[in-house]
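Read the structure below first, then the notes.
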Amino acid sequence: MLLDELVKLLQDSNYAIVFTGAGMSTESGLPDFRSKDRGLWEKFNPNELANVHALLHNTDEFTEFYQYRLSEITKYQPHAGHHVLAKWENDGKIKGIITQNVDGFHSDAGSSNMMELHGSFRTFHCHQCKKEYERNAYLDGTSTCGCGGTIRPGIVLFGENLPQETFMRAEHETTQSDLFIVLGSSLSVSPANMFPLLAKENGAKLVIVNREPTDYDMYADLVIQDKGIKEVLTEVNEKL
Ligand code: APR
C-alpha cells in the first residue's frame, strides 16, 4: 500500500521537508493553475496579467484580477491537510514547509517554519513608493497610492526575483532534508521546481503526491496519484 510506504519513510526520517503547490489548496476551494479545465490559467492568461508589464500598462485588468484572487482567498480557509502538516511540524515529524502558494493557508493552520517562495497576499504595497497598505483596503477597492503609483499584493510576479532570504533558507532546508515530500505541484515553474532534484542530489528520499504526472516522477522514490492530498495526509496521520 503506497500510504504505508509514506508512513515508513516519515517514521525513518530525521529531517523531512514538505514542498507544496496550488494542489494543496484546491480542496479548500481555491482553483490551482494548471489542472485540466479547472486551472486558474484556463480562465485568465498569466502572460497577460501576472507580470509587472500588466501592472504598469494594463492596470485596471491587473487590479481586477488580483482583487478577484484576494476575494477568493478570503472566502476559503485551510483544510484538514493543512492542519495535519502544522501538527507534524509541532510534533517534530517534519521540519518545515517550502510553498509556492500565496494564500497563507499554511500559516493560518499554524505552521511556523514556512518558506513562501512566491510571497503572499498577506501584505500589499505601492509598486512605486513601496508604501504598505492594508489587505482590506485593497479588497474595498483602494488600488492607487497617494503618490499615484499602483498598489499590488506582496507576491512574486512573473519576471520578478524571488525573495532572496527565503530562497536561501529553502535551499538550506532542502540540502538538510533526508525526506522531501512534494504535495500538489506540477513542478513546471522555475526556479521553485529545482528543489525536488536538489533534495535528491543531497541523498534525500523524494515523494511526489500529485493527481497528474510531473516531469520529476522518474526521480521519485514514491509517487501517489490515485488519492487527493487531504485524504493522503489524514490517512497517513492516522497510521503514524
Ligand atoms: N490532490 C493532489 N494533487 C492535486 C490536487 C489534489 N487535491 N489538486 C490539484 N492537484 C495537482 C494538479 O494535478 C496539478 O498538477 O496539483 C498540481 C498543481 O499544479 P499547478 O496548478 O501548476 O500549481 P503550482 O505547481 O503550484 O504552480 C506553480 O505557477 O502560476 C505560477 O506562481 C504560480 O505558484 C504558482 C506556480
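All ligand and atom numbering here is 1-based and tracks the order in the structure.
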Original post:
Should you measure from each heavy atom of D32, which atoms of ligand 1 turn up under 4.0 Å away?
Top reply: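 Checking each atom against D32, I get 9 (C), 12 (C), 14 (C), 18 (C), 21 (O).
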**OP:** Give the atoms of ligand 1, by number and element, whose distance to some non-hydrogen atom of F158 is under 4.0 Å.
**Re:**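 By the 4.0 Å cutoff, the relevant atoms are 30 (O), 31 (C).
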Using heavy atoms and a threshold below 4.0 Å, how should the contact between [X] and ligand 1 be classified: side chain, backbone, both, or neither?
X    : value
E212 : both
V189 : side chain
I229 : both
F19  : neither
R211 : both

Original post:
So, do L117 and F19 sit near enough that their side-chain heavy atoms are less than 4.5 Å apart?
Top reply: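 A side-chain contact exists here, since the closest heavy-atom pair is under 4.5 Å.
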Original post:
Are any of the side-chain nitrogens in E72 or K75 under 4.0 Å away from the carboxylate oxygens of its partner?
Top reply: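 A salt bridge is present here (some side-chain N lies under 4.0 Å from a carboxylate O).
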Original post:
Under 3.5 Å, N or O to N or O, is T26 touching ligand 1 that way?
Top reply: yes
**OP:** Decide whether an N or O pair under 3.5 Å exists between F33 and ligand 1.
**Re:**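 Yes; at least one N/O pair falls below 3.5 Å.
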Subject >> Summary of ring-ring contact (aromatic ring centres under 6.0 Å, His included) pairs that have at least one residue in residues 184-203, sequence neighbours excluded >> reply: F167-F195
Taking [X] for its side chain and [Y] for its backbone only, find out whether a donor-acceptor pair lies under 3.5 Å.
X    : Y    : result
E116 : N101 : no
T74  : S71  : yes
D178 : N14  : yes

**OP:** Classify the ring geometry between F105 and H82 as parallel (under 30°), tilted (30 to 60°) or perpendicular (over 60°).
**Re:**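 F105 vs H82 ring planes: perpendicular.
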Which of these, [options], has its nearest heavy atom closest to [atom]?
atom                    : options              : answer
atom 31 (C) of ligand 1 : H118, Q100, R34      : R34
atom 7 (N) of ligand 1  : E231, E27, H79, K230 : E27
atom 18 (C) of ligand 1 : G21, S188, G81, G184 : G184
atom 12 (C) of ligand 1 : S35, S185, P213, A22 : S35

Original post:
Counting only heavy atoms not in N161, do more than 12 sit closer than 6.0 Å to its CG atom?
Top reply: no
Subject >> Partners meeting salt bridge (charged side-chain N to carboxylate O under 4.0 Å, His left out) with K130 (sequence neighbours left out) >> reply: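 K130 satisfies salt bridge (charged side-chain N to carboxylate O under 4.0 Å, His left out) with no other residue.
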